[in-house]
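All residue numbers refer to positions in the sequence shown, counting from 1. Nothing here was measured: the structure is a model prediction, and the numbers come from that model.
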Amino acid sequence: MEVVWSSGFKRSFRKITKKNLQLKNQIINVLPSLKSHKLTGNFAELWSCSVAYDCRIIFNFSEDEKLLEIVILLIDIGSHDEVY
């Protein structure tokens, strides 16, 4: 399984870790486990996982037909209010 960072996720990652350097390590450590849950409503196609009390990662699963594997596309990261 491959993890792909969207350009929006990269931008949000730089912004959020600039404010909180300790959060950077927490984010890197949580990515392999992605203790996640499926979202509903307007975000029904997406998934979310918590990094810290007020830090969420929004992502989606997709298939890479060339590589024949599942890809995790990281879409956004930020506080609950920022990502929802």
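With sequence neighbours excluded, the residues that form a side chain to side chain contact (heavy atoms under 4.5 Å, CB included) with Q26 are L23, V51, A52. Residues meeting the side chain to side chain contact (heavy atoms under 4.5 Å, CB included) test with K10, sequence neighbours left out: W5, R14. The side chain to side chain contact (heavy atoms under 4.5 Å, CB included) check on S48 picks up H37, L39, R56, I58, Y84, with sequence neighbours excluded. With sequence neighbours excluded, no residue forms a side-chain hydrogen bond (donor to acceptor under 3.5 Å, both in side chains) with T17. Residues that satisfy the side chain to side chain contact (heavy atoms under 4.5 Å, CB included) test with S62, not counting sequence neighbours, are V71.
Counting only heavy atoms from C-beta outward, the side chains of F59 and L46 never approach each other to under 4.5 Å. Put simply, the side chain of N60 does not reach to within 4.5 Å of the side chain of I72, judged on heavy atoms. I77 has its side chain out of reach of V83: every pair of non-hydrogen atoms, C-beta onward, lies at least 4.5 Å apart. Residues L73 and I75 form a side-chain contact, since some pair of their non-hydrogen atoms from C-beta on lies under 4.5 Å apart.
Rounded to the nearest 0.5 angstrom, N20 CG and C55 SG are separated by 8.5 Å.
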Step by step, would you call D76 with I57 a side-chain contact (heavy atoms from CB on, under 4.5 Å)? CA-CA 6 Å; D76 202 1; I57 295 175; over 6 Å; no
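The neighbour count for K38 NZ, taken as heavy atoms of other residues, nucleotides or ligands under 6.0 Å away, is above 12.
Distance alone, capped at 3.5 Å, places no donor-acceptor pair between the S36 side chain and the C49 backbone.
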